[in-house]
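The structure appears below as C-alpha cells.
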Amino acid sequence: MVERKILIIYTGGTIGMVNDPETNSLIPFDFENVSNHVPELRKFDFQIKSISFDPLIDSSDMNPSVWIRLVTMIEENYSSFDGFVVLHGTDTMAYTASALSFMLHNLQKPVILTGSQLPLGTIRTDGKENLITALEIAAAQKNDQALVPEVCIYFQDKLFRGNRTTKYNAEHFHAFRSDNYPPLAEVGIHIKYNYPYIRYTTLNGTFRVAKQMSTNIALLKMFPGINLDVVNAVLNAPNIRAVVLETYGSGNAPTAPWFLDAIKSAIDRGVIILNVTQCLAGSVEMWRYETGIHLLEIGVVSGYDMTIETAVTKLMYLLSNSASDEEIRNNLNKSLRGEINI
Ligand code: ASP
C-alpha cells in the first residue's frame, strides 16, 4: 500500500500559539515543527507535512483574496497529498469553509478545517484533540477512496459539512453547530461516519479551483424599526449586485409599501435579493405568510435553509463565475455542494 500523505496548512488563529517563556505571552509557533508540540503525530501511519501562511492571520482579517491564496495552495499540492487539514481561527472559519466548498470543483479529497478555543501550548487546550482527529479523518480511506471527500469543519467531537456550519459560541469548546444538516461523523471512542449524509460526487470531472470571488454584495438585516434611509443606504451602495436579506422566521419581512417599493426598485435595477432567515434552524418558505408572499411576488429569491455564511460566499462565487444573471438565479435554486435542502 502506498503511504498516505496529509498536508496541514496553518493560516493563523489561536490553535498555533504557545507560551513564550521569556515574555510569558502567547506567540505563534513554527508549524514545520508541529510534532515537537504534539508528539502524538509521530504515531500516525501516514506522512504529515505542513506549510504556514506568512504572515499568519487572525481570521477576523479573512477576505476573498486570502481564500484565493488558500485554494491555490491546495491546487498546487492536490496531486501530492491524500487530504488537507486547514488550521484556521474560529471566528470566520464557517465563512472560509463555505467559500472553499464552492471554489474547489470536483473535490475528491478531504479538506478538513479546524482550530481551537485555547492555544495548543496551553494545558487544557482543545487544539490537540481537534488537530489529531482532523488529521485522522483527512487520512481515512476505504478501497483507496477518501471516506469524506468534502470541505468540512471538525470541532470538539463532530464533523460538519463546512457550508452548513455556523460559529455560535465564543466560550465553549463546542463552538460550532449545523442545525439544518446532521453531522458527517461523531467522535467518541470510535469515529462513527454518517455515510448516508456524506456527499460522494459522481462527477468524474477534473479537480480545478475558482480564483475569483466578487465582493459586490451586502447584508441587510431586518429588525423592528428599520428605516428607509438604512434600507436605501444598503440597496443603493455603489456597484452592489446582490443583497442577502436577513428576514424573520420562515422568510418574512415588513409589508409596509415603502419597504417593498425599495426592494422592488433594487430588483428592477438588476440587484439580486436573496432571502435567508435569521433563525439558525429551518427554512425560508415565502409562500407561508402574507409577509413572505409579497417578497416572492416582487422577485426575491429564496435562500431555502442556507446559513448566512453560505449565502454570502455562494453569491460571491456565483457573481464572479457565471455567464449571466439567469445562470446565477438558476444556481441559487440548486444545491451545488450540498448547501441547501431543496
Ligand atoms: N480571533 C481568533 C481567530 O479567529 C480566534 C480563534 O482563533 O479562534 O483567528
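Model, not experiment: these values are computed from the prediction. Atoms within a ligand are numbered from 1 in the order they appear, just like the ligands themselves.
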Heteroatom distance test ([X], ligand 1): nitrogen or oxygen, under 3.5 angstrom:
X      : answer
Thr92  : no
His88  : no
Asp58  : yes
Gln117 : no

Give the residue and atom name of whichever protein heavy atom lies nearest to [atom], and the separation in Å to one decimal.
atom                   : answer
atom 6 (C) of ligand 1 : Thr14 OG1, 3.0 Å
atom 8 (O) of ligand 1 : Thr90 OG1, 2.4 Å
atom 1 (N) of ligand 1 : Asp91 OD2, 2.8 Å
atom 4 (O) of ligand 1 : Ser59 OG, 2.5 Å

Face-on cation placement of Lys109 at Tyr78 ring, 6.0 Å and 45° thresholds: yes
Identified side chain to side chain contact (heavy atoms under 4.5 Å, CB included) partner of Leu159 from the options Val187, Ile112, Ile153: Ile112
Side chain to side chain donor-acceptor pair (under 3.5 Å) partner of Ser59, chosen from Thr11, Thr14, Thr90, Thr92: Thr92
Contact check, Ala175 vs ligand 1, heavy-atom distance below 4.0 Å: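 Ala175 does not count as a contact of ligand 1 under the 4.0 Å cut-off.
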Ring centres under 6.0 angstrom apart (Tyr168, Phe176): no
Ring centre gap for His105 and Tyr317 strictly below 6.0 Å: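 Ring-ring flag for His105/Tyr317: true, centres closer than 6.0 Å.
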Subset of ligand 1 atoms that lie under 4.0 Å from at least one heavy atom of Gly13: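 The list of qualifying atoms is 7 (O), 9 (O).
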Numbering as shown, the atoms of ligand 1 that approach Ser116 to under 4.0 Å (heavy-atom distance): 8 (O)
Member of Arg164, Lys314, Arg161 meeting the salt bridge (Lys or Arg N to Asp or Glu O under 4.0 Å) criterion with Glu339: Lys314
Hydrophobic cluster of Phe173, others only, ordered by chain and residue number, side-chain cut-off 4.5 Å: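 Leu118, listed by chain and number.
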Side chain to side chain donor-acceptor pair (under 3.5 Å) evaluation trace for Thr255 with His294: CA-CA 7 Å; Thr255 52; His294 290 307; 5.5 Å; no
